[in-house]
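My questions will all concern the structure given below.
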Amino acid sequence: MYHELGLPGRPPCQSEPGYLRYIVSAADFESQIHWLRNIGWRGMSVTEALSSPHENGVVVTFDDGCETDMLSAAPILNAVRFGATFYITVGFLGTRGYLSHSQLRELSDQGFDIGCHSMTHSYLTDSPDDRLHQEIAGAKTELEQITGRRVEHFSCPGGRWGPRIVEVARRAGYRSVATSRSVANPPHADPFSLGRLAVMRGCSLKGFQRLCGGHDLWKLQVGDLTRSSARRLFGNSAYDRIRSLLLSRSAKNR
Ligand SMILES: [Zn+2]
């Protein structure tokens with residue numbers, strides 16, 4: 001699971017420390033993709049993985065719909081003929097740093113899988129039913145109108161996943177829902193609760209290799225558990241304020 005890629009001299013889409021941690025430099029991304037290619041693995045989209053789950057490969061996904069999907073990720077992936085799924089937040093399209101409608105169409109025309117990452121990127125576990133429908137089903141329709149292709153995969157903003165979200169996604173015609181839970185997906189995994197591993201800023205090639213090999217997942221799962229317990233305890237908005245405070249303090253102390 002990737003987000004924005006970092007390019008020299010290009011300001012990021014957002015500036016909070018919690019966001020910056022997820023920006024992987026384009027150079028690091030390129031080395032990671034080349035390593036996969038060199039060991040004979042293939043990068044693929046969620047659609048490809050669901051249709052051939054036994055193939056030797058790794059699903060590559062991007063959340064949010066940053067312009068670097070088109071400027072940087074797509075050329076690196078195209079050079080080695082890897083597929084990927086780009087989950088787009090409809091409300092971000094055309095705003096500073098994010099894809100325009102025509103760039104999104106171009107990404108889709110290049111053969112990449114376009115998924116949906118909601119309408120406004122709000123936490124869906126907090127949304128009332130009518131809003132949830134708009135965020136999941138309404139956003140799907142808009143993306144289909146822009147790309148002229150079916151949009152069948154959804155990823156949850158901020159990793160907030162729950163059975164209500166799955167129910168609305170199923171009814172809207174999605175074939176999968178991706179979470180941000182650090183679990184491996186066996187061939188018969190529930191497609192409406194797919195695990196994903198975040199590649200974070202500064203992740204070394206060795207660290208990336210361990211992620212791809214599924215090593216030390218338990219360490220990441222301890223982190224997942226701590227975060228989800230804290231969110232339950234404080235609620236999403238208080239959790240975000242505390243997290244942002246802690247991250248900016250640690251950035252100052254670095
Ligand atoms: Zn997101």
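Indexing begins at 1, ligand by ligand and atom by atom, following the structure's order. Each residue takes its place number in the sequence, starting with 1.
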Review point. Got a second to check how far M70's CE is from L107's CG, nearest 0.5 Å?
Key: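 Nearest 0.5 Å value for the CE-CG distance: 6.0 Å.
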Check your understanding: Any idea how W41 and W35 line up, ring-wise: parallel (<30°), tilted (30 to 60°), or perpendicular (>60°)?
Key ->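 It falls in the tilted class, 30° to 60°.
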Check your understanding: Say you draw a straight line from CG of L5 to CD of E67; how long is it, rounded to the nearest 0.5 Å?
Key ->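 It comes to 12.0 Å.
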Exercise for review: Evaluate the salt bridge (charged side-chain N to carboxylate O under 4.0 Å, His left out) criterion for residues R201 and D28: first the C-alpha distance (whole Å), next the side-chain angles of each, then the deciding distance (0.1 Å), finally the verdict.
Suggested key: CA-CA 9 Å; R201 182 182 63 189; D28 283 353; over 6 Å; no
**Study point:** For H3, all residues meeting ring pair (Phe, Tyr, Trp, His ring centres under 6.0 Å), sequence neighbours excluded
**Key:**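 Once residues adjacent in sequence are excluded, the partners of H3 under the ring pair (Phe, Tyr, Trp, His ring centres under 6.0 Å) criterion are Y22.
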Check your understanding: Do the two ring centres, one from F154 and one from Y87, sit under 6.0 Å apart?
Key ->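 No: the rings miss the under 6.0 Å criterion.
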**Study point:** For the Zn ion (ligand 1): protein N/O/S atoms at distances below 2.8 Å
**Key:**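 Atoms of protein N, O or S type lying less than 2.8 Å from the Zn ion (ligand 1) total 3.
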